[in-house]
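Take a look at the structure below.
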Amino acid sequence: MKTYQTHQIYNVGLFAHGGAGKTSLAEAMLYDSGTIPRLGRVDDHNTVSDYDPEEIKRGMSANTTPLPLEWSGCKLNLLDTPGYADFMGEMVSAMWVVDGAVIVLCAASGVEVGTETAWQLTVERKRPRMIFVNKMDRDNADFYRTLQQAQEMLDPAITPLQVPIGKESNFSGVIDLLRMKAYRYSDKRDGKSEEIEIPAELQERVDEYRLALIEKIAETDDSLIEKYFAEEPLSEEEMYRGLRQGVRDGTIVPLLCGSATKNLGVQPLLDTILAAFPSAADSGPVVAKNPLSGEEVELPVSDASPMTALVFKTLADPYVGKQTFFRVMSGVLNSDSRVQNANVNAEERIGPVYIVRGKEQFAVQSLGAGDIGIVTKLSHTTTGQTLCTTDRPLLLPEIEFPSPIFTAAIRPESKTDTDKMGPALNRILEEDPTLRTDREQQTGEILLSGMGESHIQIAVERMKRKFDVTVIAELPLVPYQETIRRQVESKYRHKKQTGGRGQFAEVVLRVEPMDYNENAFEFVNEIVGGVISRGYIPGVEKGVREAMQSGEVAGYPVVGVRVAVIDGKEHPVDSSEIAFKLAALQSFKQGQQLAQPVLLEPIMTMEIVIPDTYTGDIMGDLNSRRARVMGMDPQGNRTVVQAQAPLAEIQRYATDLRSMTGGRGTFRMEFDHYEEVPAHVAEQAVAQARQRKEDRQQE
């Protein structure tokens with residue numbers, strides 16, 4: 001591929017709900033541009049984009065894949081993104097480096113939840129967008145129904161540039177509303193078409209949509225609106241100029257149609273991308289910050305600007321090493337150079353720079369402003385960070401990834417896996433910023449959090465495939481705690497006589513409840529008269545703390561207690577710190593048993609965002625989960641529900657909410673406080689926890 005100037009580079013993302021045909025569309029675009037010699041199929045597992053074993057196995061995209069191609073003297077960097085919510089992080093990172101978004105709709109399914117998610121991301125990032133109605137040849141495909149649905153659910157600015165000729169299996173061409181010409185496509189899947197007369201039965205509808213398009217275009221410029229009101233015709237050049245301005249402003253969202261698998265309507269889409277979307281040079285200046293002074297600077301997207309590059313994706317490869325995907329936001333990145341990671345203030349050595357297309361790599365000497373490429377084996381750099389020149393540190397805004405919503409406990413299958421799991425887990429976390437890992441202190445489990453069960457499962461499979469580490473993922477143990485309800489006194493005498501020196505200690509404790517959400521433990525020495533020597537008191541406290549690690553209800557940590565040592569006895573020869581520790585441990589255990597011990601469970605605060613139509617179902621479901629609804633806040637056609645619920649009841653809520661709302665509901669949760677477990681629930685929770693611990697010990 002030859003070198004292109006910044007004004008010839010277009011960075012465009014393909015976004016859609018899973019199954020709408022993004023990958024098939026990308027394949028057709030590559031084929032029509034002459035980039036690939038044959039047209040692959042998703043069902044045949046031979047597309048350029050879906051080459052990862054997990055993608056082939058599931059028949060869906062799980063990674064953002066760069067697919068550069070050449071069209072009409074320009075370079076088009078396509079980014080084929082996943083469409084399922086579990087891989088939303090890939091969509092988000094791609095949105096940060098594209099200058100335009102093509103939203104792909106299925107003509108039969110219309111606007112789906114993934115469509116709404118992608119649309120919202122384009123709005124938040126203020127990206128120009130257009131819509132491609134795909135699968136026009138499918139049964140039940142309906143262009144006009146899909147158009148109306150998109151205008152109602154997404155944006156009334158959506159404006160058709162084409163009207164289809166025929167429908168379902170009879171779909172054969174389109175009418176171009178800008179040029180007022182009709183085209184019939186070849187049935188050879190070669191993307192070619194021939195000009196024909198506009199069918200008479202469509203003329204009325206064509207005139208209607210043509211007038212609406214002209215009105216939209218005229219509103220983008222004062223001179224055009226004057227010509228429109230004067231009933232003067234707009235030239236084709238004026239129409240395209242107004243279209244381009246309207247797309248940039250968001251007042252026009254062009255809509256086109258076709259069939260990717262039959263390669264119908266793909267070439268007009270490529271032409272419209274170049275005609276309506278901004279090039280990298282037209283995308284506006286880059287705003288960066290000096291990490292030392294905090295001063296913000298605007299950098300033109302030009303080779304003459306200081307070099308900055310945003311890392312939007314990382315792949316961990318056991319053979320090649322870490323692969324870092326980036327977009328050069330300004331300046332030029334050269335092979336065999338040294339750059340600075342502005343986020344961690346570390347120098348990186350750049351080896352060969354590559355352009356990547358699927359799994360293929362092509363070495364280049366340099367990449368200019370606006371272009372996309374990869375480098376390998378960077379030591380310090382991860383996704384979202386900035387590379388810049390060593391003499392002028394500049395920091396780009398970091399990519400804002402969504403927070404994880406599903407957590408699993410992972411454990412190695414064997415001793416060999418135990419030794420390798422840590423390094424493999426770190427590599428997987430480098431690869432995917434939407435994954436998080438933590439260790440639950442109470443249960444000792446390693447937790448892996450992500451965007452859903454499928455997300456976690458694919459991460460586990462990648463650890464096996466890439467690093468030969470087999471781990472088991474399952475729902476985590478709930479970190480219950482224990483406390484007491486009333487104050488008691490307890491006494492224990494530890495006495496042991498052997499052939500030599502014996503052991504003796506007597507400890508009397510007063511155990512009383514405290515606010516378990518404010519104070520976990522308080523130890524007080526109330527000994528008077530020296531009945532227990534001061535040197536033995538630390539042993540008493542150690543014994544109490546050790547006993548609190550495993551309570552009498554179900555072996556969970558004890559919190560919310562105030563323990564005072566109030567009396568005791570010692571022996572001038574047989575007493576020792578260890579004897580007092582053992583006596584205190586048993587004294588506390590006896591005291592807890594007498595003090596009405598209870599089980600505590602973590603309560604989470606939830607914020608659930610749902611379409612209004614699902615409010616009743618969600619409220620009923622929350623009631624079944626022992627949740628308390630704290631408030632409801634209408635926001636347009638959506639409702640935000642604030643609630644508190646026990647963690648034990650909502651561990652699978654991410655999956656359940658998607659099922660109940662067709663994927664349109666979202667939520668986030670965080671720990672708030674502990675509460676006493678109701679008696680009817682506590683018995684079952686204790687039994688389940690004990691059984692699971694026994695099962696794991698046997699494994």
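On a predicted model such as this, the values are computed, not experimentally measured, just so you know.
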Quick one: do [X] and [Y] make a salt bridge, cutoff under 4.0 Å?
| X | Y | value |
| --- | --- | --- |
| Glu431 | Lys322 | no |
| Glu546 | Lys581 | yes |
| Lys495 | Glu506 | no |
| Glu116 | Arg664 | yes |
| Arg625 | Asp656 | yes |
| Arg510 | Glu512 | yes |
| Lys420 | Asp468 | yes |

Any donor-acceptor N/O pair, [X] side chain to [Y] backbone, under 3.5 Å:
| X | Y | answer |
| --- | --- | --- |
| Arg436 | Leu448 | no |
| Arg652 | Glu649 | no |
| Glu348 | Thr381 | yes |

[atom1]-[atom2] distance between [X] and [Y], expressed to the nearest 0.5 angstrom:
| X | Y | atom1 | atom2 | value |
| --- | --- | --- | --- | --- |
| Lys496 | Asp574 | NZ | CG | 12.5 Å |
| Met604 | His673 | CE | NE2 | 11.0 Å |
| Arg628 | Thr605 | CZ | OG1 | 9.0 Å |
| Leu429 | Thr383 | CG | OG1 | 11.0 Å |
| Asp86 | Ile458 | CG | CD1 | 7.5 Å |
| Met88 | Thr81 | CE | OG1 | 11.0 Å |

Query raised in the report: What do the steps show when you test Glu601 against Arg626 for side-chain contact (heavy atoms from CB on, under 4.5 Å), and what is the final call?
Result: CA-CA 12 Å; Glu601 64 181 345; Arg626 299 189 286 125; 2.7 Å; yes
Requested in this report: Please list, chain by chain and in numerical order, all residues satisfying side chain to side chain contact (heavy atoms under 4.5 Å, CB included) with Pro602, sequence neighbours excluded.
Outcome: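 Partners of Pro602 under the side chain to side chain contact (heavy atoms under 4.5 Å, CB included) test: Val478, Pro479, Leu647, Phe671, Tyr674.
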Between [X] and [Y], does any side-chain donor sit less than 3.5 Å from a side-chain acceptor?
| X | Y | answer |
| --- | --- | --- |
| Asn341 | Gln385 | yes |
| Gln593 | Glu552 | yes |
| His380 | Asn343 | no |
| Ser587 | Ser490 | yes |
| Asp417 | Ser414 | yes |
| Lys313 | Thr64 | no |
| Glu607 | Gln642 | yes |
| Ser575 | Glu570 | no |
| His455 | Gln457 | no |
| Thr655 | Glu453 | yes |

Query - Centroid separation Tyr653 to Phe667 less than 6.0 Å - result: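 Ring centres of Phe667 and Tyr653 closer than 6.0 Å.
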Query raised in the report: More than 12 heavy atoms of other residues, nucleotides or ligands under 6.0 Å from CD of Glu347: is that the case?
Result: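 Check passes, neighbour count above 12.
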Query - Whether over 12 other heavy atoms sit under 6.0 Å from Glu526 CD - result: yes
**Report entry** Test log, rule side-chain contact (heavy atoms from CB on, under 4.5 Å), inputs Leu657 and Thr666
**Finding:** CA-CA 7 Å; Leu657 181 64; Thr666 61; 5.5 Å; no
**Report entry** side-chain hydrogen bond (donor to acceptor under 3.5 Å, both in side chains) between Glu675 and Gln644, intermediate numbers included
**Finding:** CA-CA 11 Å; Glu675 282 185 9; Gln644 290 185 341; over 6 Å; no
Report task. Check side chain to side chain donor-acceptor pair (under 3.5 Å) between Gln596 and all other residues, then give those that pass, not counting sequence neighbours. Result -> none
Report task. Would you please test Thr314 and Phe325 for side-chain contact (heavy atoms from CB on, under 4.5 Å) and show each step? Result -> CA-CA 6 Å; Thr314 304; Phe325 294 68; over 6 Å; no
Requested in this report: Starting from the C-alpha separation in whole Å, work towards a yes-or-no answer on side-chain contact (heavy atoms from CB on, under 4.5 Å) for Leu582 and Tyr492.
Outcome: CA-CA 9 Å; Leu582 295 172; Tyr492 186 86; over 6 Å; no
Query - side-chain hydrogen bond (donor to acceptor under 3.5 Å, both in side chains) evaluation trace for Gln503 with His494 - result: CA-CA 7 Å; Gln503 295 183 23; His494 174 71; 2.8 Å; yes
